[in-house]
Each structure stands twice: as structure tokens, then as C-alpha cells.
Protein chains: 2
Amino acid sequence: MKEKELRRSLAVLPMGTVMKLTSLTARQIRYYETQELVKPQRSDGNRRLYSLNDVDRLLEIKDYLDEGLNMAGIREIFSQKQVESEKRKEEQRKSLTDDDVRKILHDEILRAGGLQGMSSQPTSPLQKPF
Amino acid sequence: MKEKELRRSLAVLPMGTVMKLTSLTARQIRYYETQELVKPQRSDGNRRLYSLNDVDRLLEIKDYLDEGLNMAGIREIFSQKQVESEKRKEEQRKSLTDDDVRKILHDEILRAGGLQGMSSQPTSPLQKPF
DNA sequence: TCGTTTATGTTATAAAACATAACATGAGCC
DNA sequence: GGCTCATGTTATGTTTTATAACATAAACGA
């Protein structure tokens with residue numbers, strides 16, 4: 001699912017398209033940028049280029065505004081979300097590492113015991129002893 | 001998966017983006033349009049707007065050209081593909097219909113036999129007798 | 001209540017991107 | 001050599017976008 005992620009973060013949409021997709025005015029979209037709520041890329045000619053993720057973000061902003069939040073509030077929410085997602089990423093990194101450790105240990109045990117075939121799992125690419 | 005289909009056929013990409021995504025020149029892209037190989041939408045101001053499907057199509061065209069095909073050949077291939085896809089669609093429509101018929105028949109049999117509970121399937125929304 | 005801030009509208013001006021059309025051209029073909 | 005095909009190049013006009021400045025209604029705070 002890394003391909004999809006890439007597609008969603010490709011900056012390819014010009015202002016006009018984003019306006020239609022979000023029903024926001026150019027003024028609003030640019031203002032939210034000054035408030036650091038979205039950071040579109042720029043083309044060589046300095047045109048703003050948005051990704052699908054940016055569009056989603058703008059729609060989120062709209063929702064929060066409807067709920068009465070102000071720019072500062074939305075900024076705060078977004079920064080929290082980012083912290084959360086980074087935590088999750090770190091969590092996953094750790095858990096993967098633990099998993100590796102487990103595999104390695106398992107391997108050690110097998111070798112120590114002298115190939116008794118407790119498990120019929122094919123050897124993992126991680127092992128490669130020596 | 002109907003949502004994805006919709007997203008892929010949304011005409012939102014301007015010429016410049018498509019040029020980068022395909023490594024084709026504007027001249028080429030427009031020429032393929034005169035050859036009816038792609039039919040982008042137009043914005044209010046007459047700008048061409050492409051969908052992700054269009055981009056894929058342009059990449060296909062590029063491949064076929066590299067293989068030595070000419071416009072007529074590519075046009076032919078595309079029209080064949082369309083026929084095929086329509087056949088498959090019709091096939092699916094039919095098969096779904098058959099399935100419905102089967103369910104209805106099954107139901108008829110159940111009622112004729114007087115509720116003997118041969119199957120424990122919950123009644124389908126299709127039945128609604130009378 | 002008055003002065004501020006906030007979010008957005010409006011207008012002016014310049015530049016970038018795109019459209020159409022016409023002419024140019026090298027490769028392949030008869 | 002003349003023709004077609006796919007594409008390049010150039011010219012000209014329109015659309016879209018950028019930035020910036022001024023305007024304003026609503027909310028807010030003193």
C-alpha cells in the first residue's frame with residue numbers, strides 16, 4: 001500500500017481544481033496557507049500545486065471551521081494528529097524490531113539445540129549465519 | 001470499489017501536470033487528441049482537464065508508439081479493448097441476473113415444500129413474496 | 001461602546017500557463 | 001521526388017494564478 005500513499009501525496013492539482021473540489025475560494029485557501037494549515041508545493045512558475053492529501057486537509061479545515069474552531073485551534077489539532085501518527089510510526093518500528101529479535105533468538109535456540117527440527121518454518125532471510 | 005473508479009476518472013489535471021506525469025510534450029498530447037486517442041474534459045475557460053485514467057491511456061500510447069504502432073493501430077487496439085470490456089460487463093450483468101433467478105427459484109421450492117427448513121439462510125431481500 | 005482581531009471579499013496588476021493555428025521538418029514510403 | 005506522419009517551433013490571444021493592498025462584518029476584549 002505504499003503506492004497509494006505516494007499517489008495521494010503527489011502535488012499535481014492547480015488552484016482552480018482545488019477550489020472546485022473543496023468549494024473554497026482562492027482567498028480562503030491562500031489564507032489557510034498563511035496560517036500554516038496547508039503547505040502546497042510550487043511549480044517552476046510559482047503556481048501552487050496541491051495533492052489529494054492537501055485537498056482532504058482543506059476539507060477537514062472546512063469542517064472544523066463549521067464547528068466553530070479558529071485557525072489556532074485547527075493548527076493545534078493538526079499538530080496533535082501529527083504527534084500521534086509519529087508515535088504510531090515509532091511504535092511500529094519498535095514492534096518490528098522486537099519481532100526481528102524474536103526471530104533471531106528462535107534461530108539461536110535452533111542452532112544451540114542442534115537442528116532438531118522443532119519448527120518446519122523455512123529459514124528467514126535474516127538468519128544467514130556467518 | 002466504485003469510489004476508486006470515480007476518483008480515477010475525475011478530470012482534474014491540467015496540461016502541465018500531465019506533461020510531467022507522462023514526459024510527453026503538449027504538442028504530442030494535443031495531437032493524440034485530434035487522433036481521438038484521448039478525450040479530456042474542458043474547463044469553463046476551455047482548458048483541457050485530464051483524469052488519472054487519461055494519464056494511464058497516454059502512457060499506453062507512448063508504449064505502443066515505442067513498439068512501432070501508428071495512430072490507426074493504437075486506435076484499433078483501444079476500440080477492441082472497449083468492446084472486450086463491454087462484453088465482460090454484459091457477462092457480469094447476465095451472471096448476476098442468473099444468480100437472482102436461482103435465488104428466486106430456491107425460494108419457490110422452499111415455499112412449495114412448506115417451510116421444511118432445508119436451508120438456514122436468512123431470507124434475501126429479493127424475495128418479498130406478494 | 002470602542003478599538004482590535006479574525007476570516008474573508010474585492011480590486012488592481014503582472015506573470016505563467018494554455019489554446020489555436022500556421023508553418024517547418026525529418027523519416028519512411030510509393 | 002513528392003507524400004504522409006508525427007512532432008517541433010513560433011506567433012498571438014485568453015485564462016488562470018500570484019501578490020498585495022484596501023475593505024468589512026462579526027466576534028472579542030478592555
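In the text below, chain A, chain B and the rest are named by the order of the sequence lines, each starting its count at 1. Predicted, not measured: the structure shown is a model, and the values here were computed from it.
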**Q.** Residue whose closest nucleotide on DNA chain D lies nearer the 5' end, B:T25 versus B:N46
**A.**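 Going by which nucleotide is closer to the 5' end, it is B:T25.
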(Q) As a test of understanding, state which of A:R88, A:K89, A:Q82 forms a side-chain hydrogen bond (donor to acceptor under 3.5 Å, both in side chains) with A:E86. (A) A:Q82
Q. Reckon A:D44 touches a base, only the sugar-phosphate, or nothing at all at heavy-atom distances under 4.0 Å?
A.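 No contact.
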Q: Pick base, sugar-phosphate or nothing for B:R30, based on heavy-atom distances below 4.0 Å to the nucleic acid.
A: base
[X] [atom1] - [N] [atom2] separation (whole Å):
| X | N | atom1 | atom2 | answer |
| --- | --- | --- | --- | --- |
| B:Q28 | C:dT25 | CD | C1' | 15 Å |
| A:Y32 | C:dT6 | OH | P | 15 Å |
| B:L13 | D:dT16 | CG | P | 16 Å |
| B:I29 | D:dT7 | CD1 | P | 11 Å |
| B:L65 | C:dA27 | CG | C1' | 15 Å |
| B:I61 | D:dT7 | CD1 | C1' | 15 Å |
| A:M15 | D:dT15 | CE | C1' | 15 Å |
| A:L69 | C:dA7 | CG | C1' | 14 Å |

Q: Among B:K39, B:M15, B:R57, B:Q41, find the one that has a side chain to side chain contact (heavy atoms under 4.5 Å, CB included) with B:Y50.
A: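 Exactly one pass, corresponding to B:M15.
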Q | Reported OG-to-CG distance for the pair A:S23 and A:L58, which is rounded to 0.5 angstrom | A | 11.5 Å
Q.
To the nearest 0.5 Å, what is the distance between CG on A:L37 and CD1 on A:I77?
A.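 Nearest 0.5 Å value for the CG-CD1 distance: 10.5 Å.
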Q) So which nucleotide from C:dA7, C:dT20, D:dT7 ends up closest to the side chain of A:N70? A) C:dA7
**Q.** Nearest to side-chain heavy atoms of A:Y31, which nucleotide of C:dA7, D:dT7, C:dC18
**A.** C:dA7
Q.
Taking the nucleotide of DNA chain C with the nearest heavy atom to each, does A:A72 or A:G45 sit closer to the 5' end?
A.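 Whichever sits nearer the 5' end wins; that is A:A72.
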Q) On DNA chain C, nearest-nucleotide positions of A:M71 versus A:S43: which is more 5'? A)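 Looking at the nearest nucleotide for each, A:M71 comes out on the 5' side.
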Q | Under 3.5 Å side-chain donor-acceptor pair for B:Q80 and B:E84 | A | no
Q: Report yes if a side-chain nitrogen or oxygen of A:R27 is closer than 4.0 Å to either non-bridging phosphate oxygen (OP1 or OP2) of D:dT19; otherwise report no.
A: no
Q.
Can you tell me whether the side chain of A:R47 and the base of D:dT16 have a donor-acceptor pair closer than 3.5 Å?
A.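 Result: at least one qualifying N/O pair found.
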